[in-house]
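Presented below is the structure to which this report refers.
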Amino acid sequence: MPYKYLITVSGEIPLKSWRSRPRFYKTLIKNLSEVLREYGSTNYSFKIVDAKILLESDIDVLEDLSKVFGVMRVGEVDLISFSDLGDLVRKVGERTAGLVANKKFAVRVKRFGTHNFTSLDVARELGSFLKPYSAGVDLENPDVEIILEVRGPVTYLYKRLAEGVGGLPIGTEGRALSLLSGGIDSPVAAWLVAKRGVLVDFLHFFMGSPSASRLAFTVARTLTKNWFYGHNPRFYLIDLTHALNYIRVNIRWEFRQVVLKTLMYYLASKIAAGNYEAVVTGESIGQASSQTLANLSAAQVVSGLQLPILRPLVGFDKEEIVSIARKVGTYEISSMVGEPCSIAPSRVRTRVTVEELRNEFAKLPEDLIEKALSTLKILEVRSSGLEDVIPDKSVVIDYIPEDAVVLDLRDLDSYLEWHYPGALHYESVNLEDLRDKTLVLYCDRGNVSYVEALKLREKGFKAYSFLNGAEGLRRGLT
Ligand code: ATP
Ligand code: MG
């Protein structure tokens with residue numbers, strides 16, 4: 001097969017006990033196979049060579065292999081068999097002479113097994129073979145490195161190298177539920193936990209902005225497609241808009257953030273019960289006034305969440321988090337997620353006591369929480385589309401789904417003067433013809449269309465009202 005890769009696994013894997021080591025290799029090979037399947041390979045094979053993995057494949061996947069957790073380094077290699085040192089030097093020399101032309105080079109050799117020569121002998125002999133073709137040897141600052149691994153009767157000659165991400169194979173370390181806002185922090189937190197071999201699923205709270213939730217889903221998809229080879233995560237979606245409104249009206253502003261956090265932990269404990277061993281958040285100590293140690297601690301106690309909360313960002317500064325987010329590929333999307341309308345515009349209590357928080361949290365009626373839980377929708381990240389992300393019960397949306405029919409509820413004059421491209425005038429349509437369509441209604445400001453959409457829903461239509469009506473639509477177009 002045209003492509004051969006020698007994969008160096010994370011240093012800690014070969015050091016595992018003989019009893020657990022096979023599990024790590026097996027899982028890693030399964031996850032590596034996902035890369036090949038994903039990119040359409042029909043022919044590939046794996047072999048463990050000492051502590052490394054040799055992969056032969058019909059397609060080039062070097063870069064993608066390096067993103068599989070548990071991979072420390074990947075090299076595309078040529079396999080060269082040889083009879084003795086002279087044979088080895090000649091065969092490798094002939095293949096690499098072209099590479100060193102007019103360049104300063106260095107030869108790096110590792111040797112495993114029994115031979116009647118040392119790695120230094122190989123380096124020296126190959127060095128003198130190549131020197132005449134080159135601009136000389138430079139071990140400190142070479143333009144080209146010739147890297148070889150001599151293993152028994154075969155030499156692996158590296159042609160290209162990619163640094164791997166490290167970590168442990170996903171699936172070797174249990175399951176965690178990651179609270180994903182889509183902002184900069186929580187995706188990084190999820191990634192760091194997944195990198196340690198954990199199967200991470202996502203829990204997202206819809207806070208009233210469909211586009212924020214769609215971005216959160218896009219972030220989940222980016223993590224999944226780029227890094228979670230071997231894992232098909234779930235995206236749990238809970239509509240928190242009612243609860244959020246209730247908090248806004250009934251909880252004093254200095255407690256709102258912490259009560260909201262407590263509610264999120266509480267709901268996470270319900271979703272996680274029985275299936276997950278930990279909950280993950282993107283909190284970092286002191287990053288926001290709601291993230292003081294006192295508040296984090298009180299929120300967990302009051303929420304009754306028994307599972308450990310993993311906060312992989314606790315010790316990171318914002319700059320460090322941003323630089324990981326860039327590397328992971330979520331930074332750009334996360335930057336588009338606006339902070340949801342703040343529920344506590346001014347000062348937040350930085351040191352809430354368990355007693356105080358217990359009192360405040362008790363103000364949330366039980367059926368409010370039950371109602372939030374009842375909105376739970378579970379999506380598979382790999383097979384779901386963005387259109388699945390709006391909670392079923394949410395009526396207001398701020399974008400037009402691809403196959404939607406847009407209906408203008410304003411008077412005919414306004415419609416004729418301007419309407420959303422392709423929109424139909426409400427009075428001119430026969431609703432029965434639109435039974436199986438997604439309908440987006442708009443009026444001037446979004447109030448009439450909201451009520452109308454609710455009525456249509458009662459009649460079994462899949463109807464939405466556009467946020468801020470014609471004004472909102474026009475703004476979106478400019
Ligand atoms: P992020 O950058 O992850 O949004 P943040 O710095 O904005 O975090 P907070 O808004 O206090 O901080 O949120 C703290 C954590 O709570 C987040 O990292 C995330 O794990 C969780 N969280 C916040 N909002 C949501 C949401 N809408 N859905 C799910 N989890 C959330
Ligand atoms: Mg946030």
Side-chain angles (χ1 to χ4, degrees), residues 1-16 18 21 24-25 28-29 32 44-57 60-63 65-66 70-166:
M1 275 182 273
Y3 298 98
K4 296 183 176 63
Y5 301 102
L6 196 56
I7 298 166
T8 310
V9 305
S10 291
E12 57 196 296
I13 296 175
L15 301 179
K16 301 272 175 200
W18 62 269
R21 211 181 308 141
F24 285 85
Y25 278 97
L28 180 54
I29 287 175
L32 290 165
Y44 57 88
S45 70
F46 291 96
K47 198 167 105 189
I48 297 180
V49 182
D50 302 323
K52 303 197 176 189
I53 297 172
L54 178 67
L55 161 63
E56 302 198 22
S57 134
D60 179 17
V61 280
L62 182 86
E63 289 302 323
L65 294 174
S66 72
V71 171
M72 196 164 76
R73 209 149 71 120
V74 193
E76 194 199 350
V77 292
D78 269 343
L79 269 57
I80 300 166
S81 40
F82 62 92
S83 51
D84 57 22
L85 180 59
D87 189 36
L88 188 162
V89 167
R90 194 171 352 88
K91 284 179 174 159
V92 176
E94 279 164 7
R95 289 190 195 213
T96 52
L99 296 176
V100 300
N102 301 320
K103 297 212 168 105
K104 290 193 184 301
F105 75 99
V107 177
R108 318 273 189 214
V109 183
K110 281 191 185 151
R111 195 185 58 77
F112 306 84
T114 325
H115 301 95
N116 60 1
F117 53 82
T118 65
S119 51
L120 207 63
D121 293 334
V122 180
R124 206 173 317 138
E125 298 278 314
L126 184 59
S128 20
F129 183 103
L130 291 174
K131 209 167 166 191
Y133 301 94
S134 74
V137 173
D138 186 342
L139 296 181
E140 304 280 301
N141 266 318
D143 305 317
V144 206
E145 283 183 305
I146 306 297
I147 304 171
L148 306 181
E149 283 181 27
V150 183
R151 290 176 183 273
V154 181
T155 288
Y156 297 83
L157 169 65
Y158 281 84
K159 303 199 284 189
R160 284 187 302 157
L161 255 183
E163 286 306 313
V165 59

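Quantities reported herein were computed from a predicted structural model and do not represent experimental measurements. Index from 1, following the sequence.
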Under the criterion salt bridge (Lys or Arg N to Asp or Glu O under 4.0 Å), I'd like the reasoning laid out for R111 against D121: C-alpha separation, chi angles, the key distance, then a yes or no. CA-CA 11 Å; R111 195 185 58 77; D121 293 334; over 6 Å; no
Side chains of [X] and [Y] in contact at under 4.5 Å (non-hydrogen atoms):
X	Y	answer
N141	K104	no
L65	V71	no
I53	L28	yes
V154	V49	no
F46	L54	no
E145	L161	no
V122	V107	no
V61	Y44	no

Here the gap from F129 atom CZ to S134 atom OG, rounded to the nearest 0.5 Å, amounts to 12.0 Å
Between the CG atom in L99 and the CG atom in L130, the distance rounded to the nearest 0.5 Å is 9.0 Å
Would you please name every residue forming a side chain to side chain contact (heavy atoms under 4.5 Å, CB included) with [X], sequence neighbours left out?
X	answer
K52	L6, T8, E149, R151, Y158
D87	F82, S83, D84, R90, K91
R21	K16, W18, Y25

Exam field: side chain N102 to backbone A135, donor-acceptor pair closer than 3.5 Å: no
Angle between ring planes, Y5 versus Y3, binned at 30° and 60°: parallel, tilted or perpendicular?
parallel
Heavy-atom nearest pair, V89 first then E125, reads CG2-CB, 3.5 Å
